[in-house]
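Single-structure report; data block below.
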Amino acid sequence: MAFKIIASQCTQCGACEFECPSGAIKFKGESYVIEPQKCTECEGVFDAQQCASVCPVPNTCVPA
């Protein structure tokens with residue numbers, strides 16, 4: 001399973017892109033998206049998903 005970004009809540013701050021250890025987050029169109037084939041949910045690297053941890057808007061980076 002992968003995480004996704006709720007586009008309508010995304011502020012385009014970019015914090016998540018730089019924190020993603022698998023490089024799964026990219027800016028596309030008008031918001032950031034998580035490429036599901038690359039998302040590892042930070043397993044084996046961090047105890048919590050980094051995109052959700054750094055996002056300033058609660059519940060914007062959520063399980064897909």
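What you see is a predicted model; the values in this text were computed from it and never measured. Counting from 1, the numbers follow the sequence of the chain as shown.
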Legend entry - Pair Lys28 + Glu35, salt bridge at N-O below 4.0 Å: yes
Inset, instruction - To the nearest 0.5 Å, tell me how far Ser22 OG sits from Glu41 CD. - result: 10.0 Å
Inset, instruction - Verify the cluster assignment for Ile34 and Phe27: are they in a single hydrophobic cluster under the rule of side-chain heavy atoms below 4.5 Å apart? - result: yes
Inset, instruction - With sequence neighbours left out, write down each residue that passes side chain to side chain contact (heavy atoms under 4.5 Å, CB included) with Ser31, or none if nothing qualifies. - result: Ala7, Cys10, Gln12
Legend entry - Residues Thr11, Val57; criterion side chain to side chain contact (heavy atoms under 4.5 Å, CB included); working and verdict: CA-CA 8 Å; Thr11 63; Val57 183; 3.6 Å; yes
Inset, instruction - Report the distance from atom CD of Gln49 to atom CD of Glu19, rounding to the nearest 0.5 Å. - result: 13.5 Å
Legend entry - Sub-4.5 Å side-chain heavy-atom contact between Cys42 and Pro21: yes
Legend entry - Heavy-atom side-chain contact between Pro63 and Met1 under 4.5 Å: yes
Legend entry - CA sep, side-chain torsions, deciding dist, call: Lys26, Tyr32, side chain to side chain contact (heavy atoms under 4.5 Å, CB included): CA-CA 5 Å; Lys26 303 290 180 209; Tyr32 284 89; 5.9 Å; no
Inset, instruction - Hey, could you give me the SG/CD distance between Cys61 and Gln9, rounded to the nearest 0.5 Å? - result: 9.5 Å
Legend entry - Min side-chain heavy-atom separation Ile25-Val33 under 4.5 Å: no
Inset, instruction - Any chance you could measure Cys16, atom SG, to Gln50, atom CD, to the nearest 0.5 Å? - result: 11.5 Å
Legend entry - Residue pair Asn59 / Ile6, side-chain heavy-atom distance below 4.5 Å: no
Inset, instruction - Could you grab the distance from atom SG of Cys51 to atom CD1 of Ile5, nearest 0.5 Å is fine? - result: 6.5 Å
Inset, instruction - First locate atom CZ of Phe3, then atom OG1 of Thr60, and finally report the distance between them rounded to the nearest 0.5 Å. - result: 12.0 Å
